[in-house]
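Quick notes on the structure that follows.
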Amino acid sequence: MANGKDLQPAAVKELLDQIVVRTVAGTGAHAGAFFLLEPGGEVLVLDASLGMPTGFVGLLRRLRVAAAADGPLAEAILQRHLVWVASGEEFARRYPQLALTFPFVGAVAATPMVAGSLVWGAMLLLFSQKSPALDARARGRFTTAARCLAVLLKDAAEAGHCLQPGLTARLLPPMPAHPSAPAHPQAAVDFIAALPEGACRLDVQGRITFADHTAAGLLGESVPHLLGARVWEAVPWLAPAPCRLRYQAALASQLPTSYTVKQPLNGRELLLQLYPDRTGVSLRISGAPADAPDSRDELALGAGAAPGPASLDAHYHMMQLSGRLAAAASVDEVVDLVAGHLLVALNAHAFALLVAEAGRVRVVGHHGFSPELVDLVDHTALASDLPLPGLTTGAPSWGLAQGVPSFFGDRDELRAAYPESASIDDGLGAWAWLPLMASGQYFGVCVVGYRQPRSFTLQERATLTAISALISQALDRARQYDAKHQLAEGLQASLLPRTLLAMHGLDVAARYLPASHGMEVGGDFYDLIRQSDTEAAAVIGDVEGHGVSAAGLMGEVRTAVRAYAVARATPGEVLARTNHLFNDLDPGLLASCLYAHIDPVHHIAQLATAGHCPPLLRHPDLHTDILAAPPGPLLGVAPTAEYPTTDIPLPSGALLVLYTDGLIETSGTDFETALTDLAAVLSRATGSLDDIAGTLLAHAQPSGDRADDTALLLLKVC
């Protein structure tokens with residue numbers, strides 16, 4: 001091989017191209033490409049390709065290299081080894097996001113181009129859906145070619161000719177699949193002309209390189225008009241997306257496909273059959289038989305089946321589902337997304353998400369199945385005889401347990417795999433059982449059901465497998481989120497009083513609402529403490545921050561306040577002693593707190609505050625005052641701080657409102673305005689204390705969206 005230092009850039013590129021072309025031919029691949037790594041190592045740029053459908057070339061032009069899950073090329077570069085993906089289904093499982101964009105990919109091989117200590121780029125090979133495993137000889141040829149390419153790039157860079165990709169990727173001509181010319185070319189032409197079907201040949205870019213007169217007549221065009229043009233451009237009524245999609249699917253998968261179209265000039269039904277190889281596609285055109293497309297079509301849907309996810313509308317729903325699943329934060333949200341997009345995209349009727357929990361099956365979400373059937377399955381023991389592929393212990397489940405989907409095109413296929421299913425009638429005619437896996441662990445199945453029997457095509461299987469991987473990731477995250485949220489709610493509830501004491505002469509109500517966003521436990525708290533048969537202490541506070549530290553400190557503050565209150569310390573003394581303890585704990589956090597001693601018999605309250613929001617007092621005539629109690633510093637600021645006590649009258653019918661800042665913090669509104677507005681709302685509020693509490697909360701958060709926790713304590717003198 002020539003030394004890259006001795007060659008000009010054009011010669012280096014020519015040599016690179018020859019290596020790629022020969023590698024594709026020598027490994028049995030039908031398409032290939034090589035990519036250059038941009039400085040910084042974060043983006044791969046497609047430099048040259050052969051055998052790739054034109055739509056793929058545009059999508060592959062720039063690829064990020066951030067994580068192995070970004071695709072086989074990224075994985076090969078990040079881990080610096082050859083990556084082999086043996087099938088389209090494996091591709092969908094390993095790279096679900098990518099598989100939705102490239103649903104027709106079969107086997108894939110990718111390897112980095114490494115020379116010295118640097119990665120210069122990567123090579124990619126595409127193989128047919130039915131390709132055998134990449135044997136040692138092919139692997140050796142592939143990795144050797146990648147090393148040669150890397151050495152050429154390294155040498156050229158050291159000689160001052162660092163190669164850069166062009167404005168567009170170069171399309172390389174493949175080596176001829178049939179290098180020897182026919183011995184009798186006229187005999188071949190005569191043979192084709194005598195056939196009743198038309199024949200066309202398309203290159204890898206969809207251009208017509210050969211068309212006979214029969215094909216031209218069936219398409220309603222002349223041979224000169226067809227030659228050199230892309231078929232969907234030369235024949236306008238073939239322009240809709242299905243024509244190009246079928247061509248790209250056949251070329252990418254290397255599997256034959258067929259479909260029917262109607263000739264608009266005469267209304268005749270035509271059958272178009274595509275037979276791909278690595279140099280292009282042979283197109284056979286004939287009058288459509290009654291049962292077209294026939295069973296030999298390995299990409300098209302079976303006869304009588306409804307349109308699958310190849311349609312643009314279905315693709316839209318798939319991409320919508322993919323994007324929104326990534327942001328789903330709860331199991332209910334995942335279920336709603338699947339019901340709203342997956343069933344539409346697949347033209348399916350029903351789905352269910354089944355997970356294994358504590359030795360039993362739990363249905364975490366479903367749509368389209370009868371409640372009776374869901375009840376029959378939910379909480380079934382995993383060792384039961386109920387036919388649950390992948391969740392029972394029988395041998396037929398082994399495939400799903402290994403992460404391999406199961407497809408049953410009709411009830412006979414399902415019954416053959418699970419004889420017990422004969423006793424269950426779900427009203428469906430076909431099923432896909434898709435494994436749910438996270439972090440390499442199998443935890444359940446997604447069941448997709450169709451009303452009518454169907455043959456699951458390779459494209460549908462790959463799409464279903466890819467979307468099940470995305471559902472797995474979203475559902476695993478959502479279940480963890482729900483579990484943590486439940487734990488946070490339980491911890492929060494344990495740190496707040498379960499009930500408020502009943503006391504003669506005092507009517508009370510309280511509310512606590514966590515923040516709308518996030519799932520950490522908050523630091524807001526309230527309490528009502530009996531000091532005698534006729535006296536009580538009310539306290540409300542807010543430890544800064546969220547999480548276990550804030551919650552733990554909140555619990556300690558509440559316990560300290562309760563202890564000093566029971567000892568009948570004055571409000572100022574309670575806060576001073578609590579502050580001293582708070583500083584001894586040295587938590588690195590601060591807290592606000594308001595303490596009130598309530599004596600409804602003598603109609604008086606004593607208040608002390610540690611930097612807390614001023615309480616509201618609604619008088620019996622319904623006008624409301626904002627009480628300006630002399631403030632002391634926040635708890636935790638100074639260990640020797642003092643907290644003055646203020647007396648306020650509490651006539652019969654007066655209502656004292658204590659709250660945390662979550663009730664008045666509103667984006668775009670200053671503190672004083674928000675407080676004045678809240679006092680006005682309190683003056684107008686009617687009904688029971690619970691009704692008034694609801695009115696105050698609705699005013700503060702009319703949309704229900706809360707940026708912070710909110711605690712509210714209402715005390716009315718009877």
Side-chain angles (χ1 to χ4, degrees), residues 496-512 524-541 558-575 577-578 593-610 612-632 643-660 663 678-679 681-697 711-718:
L496 295 173
R498 290 181 173 82
T499 59
L500 294 174
L501 63 89
M503 184 174 173
H504 179 71
L506 194 64
D507 191 10
V508 297
R511 295 286 184 88
Y512 173 81
D524 290 16
F525 66 96
Y526 64 86
D527 205 352
L528 189 63
I529 306 155
R530 182 188 297 275
Q531 293 182 306
S532 72
D533 291 341
T534 59
E535 295 173 289
V539 61
I540 194 163
R558 178 172 166 246
T559 301
V561 170
R562 176 172 279 270
Y564 298 135
V566 172
R568 302 302 299 268
T570 66
E573 291 172 339
V574 169
L575 291 185
R577 294 175 185 178
T578 302
C593 187
L594 187 145
Y595 181 93
H597 173 262
I598 311 295
D599 185 348
V601 174
H602 297 93
H603 301 289
I604 191 170
Q606 294 178 307
L607 304 180
T609 178
H612 199 75
C613 305
L616 302 177
L617 179 63
R618 189 174 81 169
H619 296 274
D621 63 359
L622 301 185
H623 87 271
T624 299
D625 289 333
I626 301 171
L627 300 179
Y643 298 88
T645 299
T646 301
D647 293 348
I648 61 168
L650 284 182
S652 180
L655 173 61
L656 183 64
V657 177
L658 313 181
Y659 55 92
T660 57
L663 192 67
L678 183 66
V681 171
L682 179 60
S683 295
R684 298 191 300 268
T686 59
S688 66
L689 285 190
D690 284 333
D691 293 335
I692 294 173
T695 299
L696 295 179
L697 290 171
L712 178 63
L713 182 60
L714 286 74
L715 306 104
K716 183 176 182 180
V717 178
C718 302

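What's counted below: heavy atoms across the whole structure, side chains too, no hydrogens, waters or symmetry copies. Everything numeric here is computed off the predicted structure, so don't read it as measured data.
In this structure, the side chains of Thr609 and Thr646 stay at 4.5 Å or more apart for every pair of heavy atoms. In this structure, Val574 and Val539 have side chains that are not in contact, with every pair of non-hydrogen atoms separated by 4.5 Å or more. Between Ile692 and Leu655 the shortest side-chain heavy-atom distance falls below 4.5 Å. Proximity of Ile598 to Leu528: side-chain heavy atoms (C-beta onward) are nowhere separated by under 4.5 Å. Inter-residue side-chain proximity for Leu712 and Leu697 is flagged as met; some heavy-atom pair is nearer than 4.5 Å. Pro614 has its side chain out of reach of Leu627: every pair of non-hydrogen atoms, C-beta onward, lies at least 4.5 Å apart. At a threshold of 4.5 Å between non-hydrogen side-chain atoms, the residues Leu678 and Ile626 do not count as touching. Within the 4.5 Å cutoff, the side chain of Pro615 has heavy atoms near those of the Leu594 side chain.
Pro620 approaches Ser652 most closely through the heavy-atom pair CG-O, 3.3 Å. Between Gly653 and Lys716, the shortest heavy-atom contact is O-CE, 3.9 Å. Shown here for Leu617 and Ala654, the closest heavy-atom pair between the two residues is CD1-CB, 4.1 Å. Nearest heavy-atom pair across Gly505 and Pro600 is O-CB, 3.5 Å. Residues Tyr526 and Ala711 share a closest heavy-atom pair of CD2-CB, 4.3 Å. Contact detail for Ala509 and Leu689: the closest heavy-atom pair is CB-CB, 3.7 Å.
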Yes or no on side-chain contact (heavy atoms from CB on, under 4.5 Å) for His612 and Thr660, after CA distance, side-chain angles and deciding distance? CA-CA 8 Å; His612 199 75; Thr660 57; 4.0 Å; yes
Between Leu715 and Leu650, is the side-chain contact (heavy atoms from CB on, under 4.5 Å) condition met? List the steps. CA-CA 10 Å; Leu715 306 104; Leu650 284 182; over 6 Å; no
Can you check side-chain contact (heavy atoms from CB on, under 4.5 Å) on Ile529 and Tyr564, steps first, answer last? CA-CA 11 Å; Ile529 306 155; Tyr564 298 135; over 6 Å; no
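Looking only at distances, no side-chain donor or acceptor of Tyr595 sits under 3.5 Å from a matching main-chain atom of Ile540. The closest donor-acceptor contact from the side chain of Arg511 to the backbone of Asp690 lies under 3.5 Å. Panel note: side chain Gln531, backbone Ala565; a donor-acceptor pair is recorded below 3.5 Å. Here the side chain of Glu573 pairs a donor or acceptor atom with the backbone of Thr570 at under 3.5 angstrom. In this structure, the side chain of Thr645 does not engage the main chain of Ala608 through any donor-acceptor pair within 3.5 Å. Using modelled atom types, one side-chain atom of Arg618 and one backbone atom of Leu682 make a donor-acceptor pair closer than 3.5 Å.
Remark: His603 pairs with no residue by the ring pair (Phe, Tyr, Trp, His ring centres under 6.0 Å) rule, at least two apart or across chains.
Atom CZ of Arg562 and atom CG of Asp527 lie 4.0 Å apart (nearest 0.5 Å). A distance of 8.0 Å separates CG of Leu658 from CG of Leu607, quoted to the nearest 0.5 Å. Atoms CZ and SG, on Arg558 and Cys593 in that order, are 12.0 Å from each other to the nearest 0.5 Å.
More than 12 heavy atoms of other residues, nucleotides or ligands shown are found within 6.0 angstrom of CG on Asp621.
Counted by atom type alone, His619 and Asp625 present one or more donor-acceptor pairs between their side chains at under 3.5 Å.
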